[in-house]
Amino acid sequence: MTTLVFFGCTFIAFGPAIALFLFTIARDPLRVIFLIAGAFFWLVSLLLSSLVWFIAVQISNKDSASQQKGLLIFGVVLSVLLQETFRFGYYKLLKKANEGLLALSQEDTMPISMRQLAYVSGLGFGFMSGAFSVVNILADSLGPGIVGIHGDSQHYFISSAFMTLAIILLHMFWGVVFFEACEKQRWLSLAVVVTSHLLVSCLTFLNPQYEGSLIPAYLIVFLMGTWAFSSAGGSLRNLKLCLTCKDKDFLLANHRPR
Amino acid sequence: MHCWKSTGPWSWFVITLLPCRGSDKCPLCRRVVIAVNIPLMNTSESEEDSYNERSALVQAESPTMPPYSQDTELPRPVEAEAVRRRPTADPGASDRPDRAEAERESTAESEDEEVTLKYGAKHVIMLFVPVTLCMVVVVATIKSVSFYTEKTGQQLIYTPFTEDTTSVGQRLLNSVLNTIIMISVIVVMTLFLVVLYKYRCYKFIHGWLILSSLMLLFWFSFMYLGEVFKTYNVAMDYPTLVIIIWNFGAVGMVCIHWKGPLQLQQAYLIVISALMALVFIKYLPEWSAWVILGAISVYDLVAVLCPKGPLRMLVETAQERNEPIFPALIYSSAMIWMVGMAKLPTAAEPADQDTDDEGQISDRSDLERSQGAPEGQVVTGREQVFVPGEDQEEDRGVKLGLGDFIFYSVLVGKAAATGEDWNTTLACFVAILIGLCLTLLLLAIFKKALPALPISITFGLIFYFSTDNLVRPFMDSLAAHQFYI
């Protein structure tokens, strides 16, 4: 059971993300660098929010469970807000860097487009977020133990894996929409992204009632996915062309000289 | 400039990155530089302008230049009146083959820079991959083989003060004293080597290095194998073990000190860095290890940047003498740039960056001395990995000193060793990679000798302590309630 659960949950949680990484990012060193930088930014945001939470816990009453839970909820909300702030900060940094690079390299085109950066940074955030959420759980799933022996849910591991998958995909979609909104100065879209992030995190407060948290989360994944797809320039027509391998631009762009 | 090299023969105990000013004989890489006019791209041949590292991370997309791909049939020969001279290498020279390389003249140096710009990001990745591999090996060993995390009380003679004291203050004091002793040993070793080099005792140094690598490849790997077998309860007989160790060690010596396939050499270097890091993790006491990590990055910073630092002196001596660099302990991902070649050999293309860690030599010597054996610094031939010498145009590769590998792995390994938490390990890993990236960025901006340890180790330390103390309780509480942020 244990190894099976471990591998199953790992692939559920990280499968799509690793596939995305391998097929779209691994070949291009610049994208890998920006992915890792995105992960770093997420890490810093987590650090700050943990710091604030930790200080709050130290000055609070440690015996009152409800207070601790309240502080945790406060920590979650703060963390979400800080993550989005750091995403904005990363956007600003990338914009400046790109302008600098453009000026220096005497080229007309940017080496990496803003949309690619949005995707890559979103995935970076997602990787780190997913990893921090689930790696310890996966490590525990390898060892001996009984799930939910004290009356907790039996589906702890698998629901964690699915939730992690949702979060990773969401971060990627949020990244795309966020950067697009920043580029086009659409602050409403920005607000919607932040709100949806808050919504997803707050839905997890309903755990272990997984129907309440997982299903809406996946609904939001689907919605954000279509939004990100359309804001990145996709449309039904594009999708049809791509799936039937008739998209000439794509074919030409990927033509490799022999 | 046509290469980035370490600072002279002492690259193995200094992390320095030094751009080579093209002259008729480059003092660092010993290449005969011939001016050649090769219009590579359609960008104008501007005068030599300094480029910013940020651009080095850019893959400059020149319309006439095909996208960089695995094959290197670049269309340069079309417009190039490229007169690329064959390197008049002397393969007989033991570990220091002199290779000539065609150098673009200064008007074409901007093109050189463009090309370097284009591949700058690739160099960063070429360092990321081996560093990651080394860390993965160390973390995997730490998590599975309990030998390296057991504290037996046995310590190196360079850290004589025990940390088994009652009061916190005493423990802190002991660790600081341990650090002072360790760092002073390192400084003494460095100076000793400077002196040896100054008085041209090359044979002594060679012998020292060979002995050192012998010890690493045979003894440490034997110990490691033994522990792995114990952990997995594998029954092994001595004759088989002797054959395995003998083959491993002999091939390693050949690959590292003489010639061998590039990837095999890289693999060996990664393995010996990992072994070294594991030994450090085992034998350095807890607090001393952290203080030593901090102190060695400070030392590195000081020694490389201060005018009177030993490493600087070495650079200057080497440059004065115009001598080739000793085979040093450097990880090389050397690539070949073939012009007009139909096929690419196993490696890829050129770029030069050398980062070497200075602390490494003394550390390893210290360690080995503690084992009672005479010391030597393992030295690897810098660019001897390519067998088909005739077809090499340039042999530029990204190089990183093994000391860097070792200390990065020590940091991540210690993060993995303390407790069941994987978040700390992940955080340190990302922090170190970002530090390495920033170091390379700074290198390209400042274009002078730079230490490679400080930024990464600083980030790593900050993230280790903050993740361990702040983030871990937060994430644990979140996981307990299954909240997601």
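A note on names: the letters A, B, ... follow the listed sequences, proteins ahead of strands, and every chain is numbered from 1. The figures that follow rest on heavy atoms only: side chains count, while hydrogens, waters and symmetry mates do not.
Heavy atoms from other residues, nucleotides or ligands lying under 6.0 Å from CD1 of A:I158 number 12 at most. The environment of CZ in A:F162 is sparse: at most 12 heavy-atom neighbours from other residues, nucleotides or ligands sit within 6.0 Å. Within a 6.0 Å radius of CD in A:Q209, other residues, nucleotides and ligands contribute 12 heavy atoms or fewer.
A:W53 is listed as a side-chain neighbour of B:S477, based on a closest heavy-atom distance under 4.5 Å. Taking the side chain as every heavy atom from C-beta outward, A:T204 and B:Q482 never approach each other to under 4.5 Å. Side-chain contact between B:H481 and A:L72 is present, with at least one heavy-atom pair separated by less than 4.5 Å. Two residues are said to be in side-chain contact when any heavy atoms from C-beta on lie closer than 4.5 Å; A:M128 and B:V430 meet this criterion. The side-chain heavy atoms of A:S129 and B:Y484, taken from C-beta on, include no pair separated by under 4.5 Å. Looking at heavy atoms from C-beta onward, A:K69 lies in side-chain contact with B:F483 at the 4.5 angstrom threshold. For the pair B:V124 and A:P29, the minimum side-chain heavy-atom distance is 4.5 Å or more.
The parts of A:S159 that come within reach of chain B are both its backbone and its side chain, each placing non-hydrogen atoms under 4.5 angstrom from that chain. Using a 4.5 Å cut-off between heavy atoms, A:Q83 contacts chain B through its side chain alone, with no backbone atom that close. For B:L470, the parts sitting under 4.5 Å from any heavy atom of chain A are the backbone and the side chain alike. Interface residue A:Y210: only side-chain heavy atoms are found under 4.5 Å from chain B. Within the 4.5 angstrom heavy-atom criterion, atoms from both the backbone and the side chain of B:L426 approach chain A.
Rounding to the nearest 0.5 Å gives a distance of 5.5 Å between OG1 of B:T467 and CG of A:L43. In this structure, CE in B:M475 is found 6.0 Å from CG in A:L46, a value given to the nearest 0.5 Å.
Of residues 57-64 of chain A, not one residue has a non-hydrogen atom less than 4.5 Å from any non-hydrogen atom of chain B.
For chain B, the option among A:L47, A:I137, A:V32, A:I167 with the highest count of heavy-atom pairs below 4.5 Å is A:L47. By number of non-hydrogen pairs under 4.5 angstrom with chain B, the leading residue of A:C202, A:A39, A:A217, A:S133 is A:S133. For chain B, the option among A:S49, A:S213, A:S50 with the highest count of heavy-atom pairs below 4.5 Å is A:S50.
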TODO: Determine, step by step, whether B:C437 and A:I33 satisfy the side chain to side chain contact (heavy atoms under 4.5 Å, CB included) criterion, reporting the C-alpha distance in whole Å, the side-chain angles of both residues, the deciding distance to 0.1 Å, and the verdict.
DONE: CA-CA 8 Å; B:C437 199; A:I33 292 171; 3.7 Å; yes
TODO: Under the side chain to side chain contact (heavy atoms under 4.5 Å, CB included) rule, what do A:F132 and B:V471 come out as? Steps first, then yes or no, please.
DONE: CA-CA 10 Å; A:F132 263 63; B:V471 176; 3.9 Å; yes
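A:S79 approaches B:I485 most closely through the heavy-atom pair OG-CD1, 3.5 Å.
Checked by atom type and distance alone, the side chain of A:N136 pairs as donor or acceptor with a backbone atom of B:W422 at under 3.5 Å.
Using cut-offs of 30° and 60° on the angle between ring planes, the pair B:F463 and A:F40 is tilted.
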